[in-house]
**Student:** 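To start, I am sharing the structure in question, which I have written as structure tokens.
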Amino acid sequence: MPPSPTRGAPELIAWYRAHARDLPWRRPEYLARYGAWGVLVSEFMLQQTPVTRVIPHLQAWLARWPDPAALASATGAEVLQQWANLGYPRRALWLHRAAVAIRDQHDGTTPRDVASLLALPGIGDYTARAVAVFAFGDRHPVVDTNTRRVIARAVHGRAQPEPPSRRDLDDMLALLPDDRGDAAIVNAAAMELGATVCTARTPDCARCPLLDSCAWRAAGYPESEDRRRRQARYEGSDRQARGRVLRALRHADGHRLPAAEVLADWPDPAQRDRAIDSLIADGLIEAEDGEFLLPR
DNA sequence: TTCCAGGTGG
DNA sequence: CCACCTGGAA
């Protein structure tokens, strides 16, 4: 017998109301003050970045640039400086470019429809739907890696999700109640459950609101083969070299340094040149008069 | 010392 | 598929 469309939704909603973390972007005063732009900025920072690292940067960022027009008028150097050590600094440039597009193409108002959001730089399947749902209250499936794991277990009875695919959105959609507000909570609850209870390595099933209906539990918690690729070593990587260059420029007077001083002590000159060239290609640094500098 | 989390774009 | 960053946990 196929699962009923909203199987688990009431349990998720009740659990979320009682146990969701109190995060800044979930507070009514945050949404009242920053609106959809606040949701968009928080989701940008949360891409690939733990909640605890985002919180202090988010407050400072929105205090400085509370709306798209304010950010759009900043320079690349200011944006990268403010992004600081959040990681993946291309996101900072994408966010800046998204602000420019919102100012120039949407009258400074964060768009509501998923297609328009997807057209903005740095916004993909997850972020577009997260903004549409959490900022505007529309009914769409929002799927992050936590959601995918929760669905793999509770619905499909597998310990780990399959590789990401469009079917993930269909799976989540099937769990959403008709009511838009309830649907938004179920989206948030699935992510929250995966982040705090149905975790990758040590799920705490005793605290799970879906315990009674969980397909993984019903199947006896079968293991699944670990198909994760080993993460590339960071020490000595191109990533580390790029990160060092940007960190040096963030801390330099005028955000510029003589080319000879940039990564001067890096052990592999070819790798250093490759890192610098790729930073220029990405628009994260510029070369001028024998110096490297953050972009203007 | 290694491992881990995590969306987007190419 | 693979590159992209960081710092805290294991």
Side-chain angles (χ1 to χ4, degrees), chain A residues 21 23 25 39-58 79-98 101 114 117-134 140-150 152 160-166 168-169 172 187 190-203 226-251 263 271 274-285:
Chain A
R21 292 168 293 176
L23 301 174
W25 45 91
V39 174
L40 191 154
V41 172
S42 71
E43 293 295 351
F44 254 92
M45 290 187 177
L46 288 162
Q47 291 168 3
Q48 307 293 286
T49 308
V51 161
T52 52
R53 280 178 59 201
V54 163
I55 287 174
H57 290 284
L58 178 64
V79 160
L80 290 170
Q81 171 71 25
Q82 189 71 38
W83 195 259
N85 61 342
L86 262 179
Y88 292 124
R90 295 193 292 191
R91 291 181 294 161
L93 293 188
W94 288 337
L95 178 55
H96 183 229
R97 291 169 194 159
V114 170
L117 288 162
L118 279 171
L120 296 171
I123 293 191
D125 279 334
Y126 167 77
T127 305
R129 290 173 177 81
V131 171
V133 170
F134 303 131
H140 303 283
V142 182
V143 176
D144 75 348
T145 190
N146 292 305
T147 297
R148 296 179 55 249
R149 185 174 55 255
V150 168
Q160 303 296 339
E162 305 278 292
S165 80
R166 306 297 298 190
D168 300 331
L169 290 173
M172 190 65 214
N187 276 310
M191 292 194 288
E192 185 75 356
L193 187 67
T196 63
V197 173
C198 193
T199 55
R201 294 199 281 190
T202 52
D226 196 346
R227 57 163 56 76
R228 286 170 303 178
R229 260 190 1 274
R230 215 186 82 238
Q231 184 165 332
R233 165 188 209 86
Y234 183 63
E235 195 70 22
S237 65
D238 286 16
R239 282 181 192 182
Q240 186 187 38
R242 287 165 54 102
R244 288 286 176 82
V245 171
L246 282 180
R247 187 173 67 188
L249 289 175
R250 284 200 308 271
H251 290 86
L263 238 44
Q271 186 182 43
R274 189 164 67 241
I276 288 170
D277 288 347
S278 72
L279 287 168
I280 292 171
D282 288 345
L284 286 162
I285 67 172

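No hydrogens, no waters, no symmetry mates; every other heavy atom, side chains included, goes into these values. So you know, we letter chains A, B, ... as the sequences are listed, proteins then strands, and number each from 1.
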**Student:** Using a 4.0 Å heavy-atom cut-off across all strands, classify D282(A) as base, sugar-phosphate, or nothing.
**Tutor:** nothing

**Student:** Has Q47(A) got a side-chain atom pairing as donor or acceptor with T127(A)'s backbone, closer than 3.5 angstrom?
**Tutor:** no

**Student:** Tell me: CG of L40(A) to C1' of dG7(B), nearest whole Å?
**Tutor:** 13 Å

**Student:** Between Y126(A) (OH) and dG9(B) (C1'), how many Å, whole number?
**Tutor:** 18 Å

**Student:** Which residue lies toward the 5' end of DNA chain B, L118(A) or Y88(A), if each is placed at its nearest nucleotide?
**Tutor:** Y88(A)

**Student:** When we call it a touch if two heavy atoms are under 4.0 Å apart, what does P89(A) touch: a base, just sugar-phosphate, or nothing?
**Tutor:** sugar-phosphate

**Student:** Rounded to whole Å, how long is the line connecting atom CG of D238(A) with atom C1' of dA3(C)?
**Tutor:** 9 Å

**Student:** Looking at side-chain heavy atoms only, is the closest gap between L80(A) and L284(A) below 4.5 Å?
**Tutor:** yes

**Student:** Without swapping roles, check the side chain of R148(A) against the backbone of E162(A) for a donor-acceptor pair under 3.5 Å.
**Tutor:** yes

**Student:** Ignoring backbone atoms, test whether T49(A) places a side-chain nitrogen or oxygen under 4.0 Å from the OP1 or OP2 oxygen of dT6(C).
**Tutor:** no

**Student:** Does R233(A) place a side-chain N or O at less than 4.0 Å from the phosphate oxygens OP1/OP2 of dT2(B)?
**Tutor:** yes

**Student:** Checking the side chain of E192(A) only, and the main-chain atoms of R21(A) only, is there a donor and an acceptor separated by less than 3.5 Å?
**Tutor:** yes

**Student:** Name all pairs fulfilling the salt bridge (Lys or Arg N to Asp or Glu O under 4.0 Å) condition that reach into residues 118-134 of chain A, sequence neighbours left out, sorted by first residue then second.
**Tutor:** D125(A)-R129(A), D125(A)-R166(A)

**Student:** Establish, with yes or no, whether the OP1 or OP2 oxygen of dT8(B) is under 4.0 angstrom from a side-chain nitrogen or oxygen of R90(A).
**Tutor:** no

**Student:** For a quick check, tell me whether the side chain of Q47(A) and the base of dG7(B) share a donor-acceptor pair closer than 3.5 Å.
**Tutor:** no

**Student:** Classify L246(A) by what it touches in the nucleic acid, base, sugar-phosphate, or nothing, heavy-atom distance under 4.0 Å.
**Tutor:** nothing

**Student:** Nearest to the L284(A) side chain among dT6(C), dC5(C), dA5(B), which nucleotide is it?
**Tutor:** dC5(C)

**Student:** Are any of the side-chain heavy atoms of F134(A) and N187(A) separated by less than 4.5 Å?
**Tutor:** yes

**Student:** In terms of the nearest nucleotide of DNA chain C, which residue is placed more toward the 5' end: A232(A) or G87(A)?
**Tutor:** A232(A)

**Student:** Which salt bridge (Lys or Arg N to Asp or Glu O under 4.0 Å) pairs, counting each pair once, include a residue from residues 39-55 of chain A, with sequence neighbours left out?
**Tutor:** none

**Student:** Taking N or O atoms only and anything under 3.5 Å, show me the protein contacts with nucleotides 7-10 of chain C, one pair per line.
**Tutor:**
unit_1, atom_1, unit_2, atom_2, d
dG7(C), OP1, N85(A), ND2, 2.4

